[in-house]
Amino acid sequence: MEQRHLGRTGLRVTRLGLGTLNWARDTDEQEAADQLKAFWEAGGSLVDTADIYADGGAEYLLGRLMEELVSREDLVIATKAGSVLEADRRIDGSRRHLLAALDASLERLGTDYVDLWQLHAFDPHTPLEETLQALDLAVTSGRARYVGLANFSGWQLARAGTWQLAAPGVRHRLASAQMEYSLLQRGIEREVLPAALDLGIGLLPSSPLGRGVLTGKYRHGTPADSRGASEHLAAFVAPYLDETASRVVEAVTTAADGLAVTPLQVALSWVRDRPGVTAPILGARTAQQLRAALSVETLSLPDEIRQALDDVSAPVHHYPDHDWSTL
C-alpha cells in the first residue's frame with residue numbers, strides 16, 4: 001500500500017487507515033483479528049482508536065492483538081482522548097484529564113508510547129493553551145511521538161496550529177486533524193481544510209463512505225444487518241438518507257457502473273485523493289467489508305468522473321468563504 005507523510009512531518013503512514021470504532025461492540029475479537037490481519041497483509045500500518053471506543057474495550061482488544069497477531073513495530077498506532085461520558089460534560093480538555101487518559105490508554109494498549117495522540121474535540125471550558133500543553137508534555141515525556149486534533153472548527157484548528165508553531169523546539173507541530181469528510185459531508189472545505197493546508201496539518205477523514213450510505217446499500221431500503229438498522233447507530237446514519245444524499249449516491253453508482261467497479265471504491269477513491277488528505281479511516285464492521293475497501297488501492301478516478309462527482313456534491317459556499325469580489 002502506498003505511503004504518505006502525515007502533514008508536514010517525517011511520519012509516514014499508509015494512505016488508508018484502519019478504524020476501530022466498532023471493535024469490542026459490534027465487532028467481536030475474532031472479527032477484529034481478521035480485520036487487523038487483512039489490513040496488515042495488504043500493507044496497511046495506520047490503526048486508529050480512542051479511549052472512549054467501547055469504554056476502552058477497543059484499545060484493550062488492539063493491545064491483545066498486537067501481542068498475538070501483528071507486531072507493535074509494524075503498526076502506526078493512533079488514539080484519542082478528551083471525550084467523557086458524564087451527564088453534564090462531554091469533553092474534558094484539562095491537562096489533568098488528558099494526561100491521565102493517555103496513561104490509561106497506554107496500559108490498555110500494552111505499549112510505552114503511541115505514534116499519534118489526538119484531542120477528540122475542542123473543550124470551550126478549558127483554556128486552549130492548557131489543553132495544548134498536555135500535547136507537548138506527551139511528546140517530551142516520550143508517551144507520544146506525534147500529536148493532532150479531531151473535530152475542531154476552522155478557527156479552532158487555526159488558533160491551535162498557530163500556537164504550536166509560535167515556539168519551535170518548545171511546542172510541537174500538529175501533525176494531523178481527524179474530521180468527517182466524504183462526498184456527503186464536505187463542510188470542512190470551507191475553513192478547516194484551507195487552514196490545515198496552510199499549517200501543514202495532514203487530514204485523516206473519518207466516515208469517508210458517508211457513514212456507509214455511499215456504498216449504495218440504502219438505495220432501496222435499510223438492510224437488517226446495517227448500521228441504519230442498529231439500535232445505537234441508526235440516528236448516526238439517518239442524516240444521510242435524505243433526497244440530497246440520494247442524488248449523490250446515484251451519481252456515485254452511475255460512475256461505478258461506467259468504470260466496472262463498486263460505489264464503495266468510487267467514493268473512497270474520491271476522498272483519498274483530495275488535496276490535503278493523508279489517509280481516510282476505514283471503520284468497517286466486518287473483515288469482508290474491510291477487504292472490499294482495501295481493493296481501492298489500485299483505483300484512480302478519471303478526471304472527468306472526479307469533476308462530475310465534485311459538481312453533484314458541491315456544498316454551497318458564499319461570503320466570506322469565496323473571494324468577495326467574485327460574488
Side-chain angles (χ1 to χ4, degrees), residues 1-25 27-51 53-54 56-81 102-118 138-139 141-148 150 172 175-176 178 202-206 208 268 272 277-298:
M1 191 182 301
E2 183 179 321
Q3 295 197 349
R4 294 169 172 172
H5 283 277
L6 184 58
R8 209 168 293 158
T9 74
L11 179 63
R12 288 169 58 82
V13 300
T14 46
R15 63 178 182 169
L16 292 175
L18 173 62
T20 62
L21 173 64
N22 296 308
W23 286 21
R25 189 178 61 181
T27 300
D28 62 22
E29 183 169 352
Q30 183 57 57
E31 195 69 51
D34 290 344
Q35 285 189 22
L36 185 60
K37 183 179 180 182
F39 183 66
W40 177 69
E41 289 178 344
S45 65
L46 176 62
V47 181
D48 178 76
T49 189
D51 64 347
Y53 292 172
E59 287 183 330
Y60 179 72
L61 180 51
L62 177 56
R64 287 182 57 180
L65 294 179
M66 286 192 293
E67 288 181 355
E68 303 168 359
L69 188 63
V70 178
S71 171
R72 167 70 180 89
E73 290 70 29
D74 289 341
L75 300 176
V76 176
I77 301 299
T79 194
K80 297 179 284 294
L102 177 56
D103 289 338
S105 288
L106 294 177
E107 183 175 354
R108 285 189 292 267
L109 289 164
T111 183
D112 295 330
Y113 70 96
V114 290
D115 299 283
L116 177 64
W117 189 46
Q118 305 158 98
V139 175
S141 67
R143 288 176 281 179
R145 298 297 189 252
Y146 297 86
V147 289
H172 300 278
S176 66
Q178 188 169 149
L203 190 68
L204 301 176
S206 59
L268 186 55
R272 181 199 64 196
V277 168
T278 298
I281 304 298
L282 305 172
R285 184 171 50 82
T286 68
Q288 181 180 5
Q289 291 174 343
L290 177 64
R291 291 188 183 94
L294 293 174
S295 67
V296 78
E297 178 65 19
T298 59

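These values consider heavy atoms only, across backbone and side chains, with no hydrogens, waters or symmetry-generated copies.
Going from atom CG of Leu65 over to atom CG of Leu109 covers 11.0 Å, rounded to the nearest 0.5 Å. Distance check: Arg15 CZ to Thr278 OG1 gives 12.0 Å after rounding to the nearest 0.5 Å. Of the inter-residue distances, the one linking Leu75 atom CG with Met66 atom CE reads 7.0 Å to the nearest 0.5 angstrom.
In terms of heavy-atom proximity, Arg108 sits nearest to Asp51 at NH2-CB, 3.4 Å. Nearest heavy-atom pair across Thr27 and Ala32 is CG2-N, 3.6 Å. Considering all non-hydrogen atoms of both residues, Phe39 and Leu290 come closest at CB-CD2, 4.2 Å. Among all heavy-atom pairs drawn from Ala58 and Ala24, the shortest one is N-CB, 4.0 Å. The two atoms that bring Ala287 and Asp34 nearest to each other are CB-CB, 3.7 Å, heavy atoms only. Trp117 approaches Ala81 most closely through the heavy-atom pair NE1-CB, 3.6 Å.
Looking at heavy atoms from C-beta onward, Leu116 lies in side-chain contact with Ser176 at the 4.5 angstrom threshold. Looking at heavy atoms from C-beta onward, Thr111 lies out of side-chain contact with Ile77 at the 4.5 angstrom threshold. When side chains are defined from C-beta on, Tyr146 does not count as touching Val76, because their heavy atoms never get closer than 4.5 Å. Counting heavy atoms from C-beta on, the side chains of Asp115 and Arg72 come closer than 4.5 Å. A heavy-atom distance below 4.5 Å is found between the side chains of Leu294 and Leu282. Leu204 is listed as a side-chain neighbour of Leu46, based on a closest heavy-atom distance under 4.5 Å. Under the 4.5 Å side-chain criterion, counting only non-hydrogen atoms from C-beta, Leu36 is in contact with Val47. You'll find the side chain of Tyr53 stays beyond 4.5 Å of the side chain of Leu62, heavy atoms only.
Atom CG of Asp112 has 12 or fewer neighbouring heavy atoms from other residues, nucleotides or ligands inside a 6.0 Å radius.
Looking at Glu31 and Arg285, no side-chain N of the basic residue comes within less than 4.0 Å of a carboxylate O on the acidic one, giving no salt bridge.
With hydrogens and angles ignored, the 3.5 Å screen pairs no side-chain donor or acceptor of Arg25 with any backbone N or O of Gly57. When atom types are taken as modelled, the side chain of Arg12 and the backbone of Thr9 share no donor-acceptor pair closer than 3.5 angstrom. Counting only distance, with no hydrogens or angles, the side chain of Arg272 and the backbone of Val296 share a donor-acceptor pair below 3.5 Å. Without hydrogens or angle criteria, Gln178 side chain to Gln118 main chain gives no donor-acceptor distance under 3.5 Å. Counting only distance, with no hydrogens or angles, the side chain of Thr14 and the backbone of Ser45 share a donor-acceptor pair below 3.5 Å. At distances below 3.5 Å, at least one donor-acceptor pair connects side-chain atoms of Glu297 with backbone N or O atoms of Glu2.
The salt bridge (charged side-chain N to carboxylate O under 4.0 Å, His left out) search around Arg143 returns Asp103, not counting sequence neighbours.
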Side chain to side chain donor-acceptor pair (under 3.5 Å), that's the test. Do Thr286 and Gln288 meet it? Break it down for me. CA-CA 5 Å; Thr286 68; Gln288 181 180 5; 5.1 Å; no
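Each of Thr49, Thr20, Thr79 was scored for a side chain to side chain donor-acceptor pair (under 3.5 Å) with Glu59, with one residue passing: Thr79.
The salt bridge (Lys or Arg N to Asp or Glu O under 4.0 Å) contacts involving residues 35-49 comprise Asp48-Lys80, where partners must be two or more places apart or lie in separate chains.
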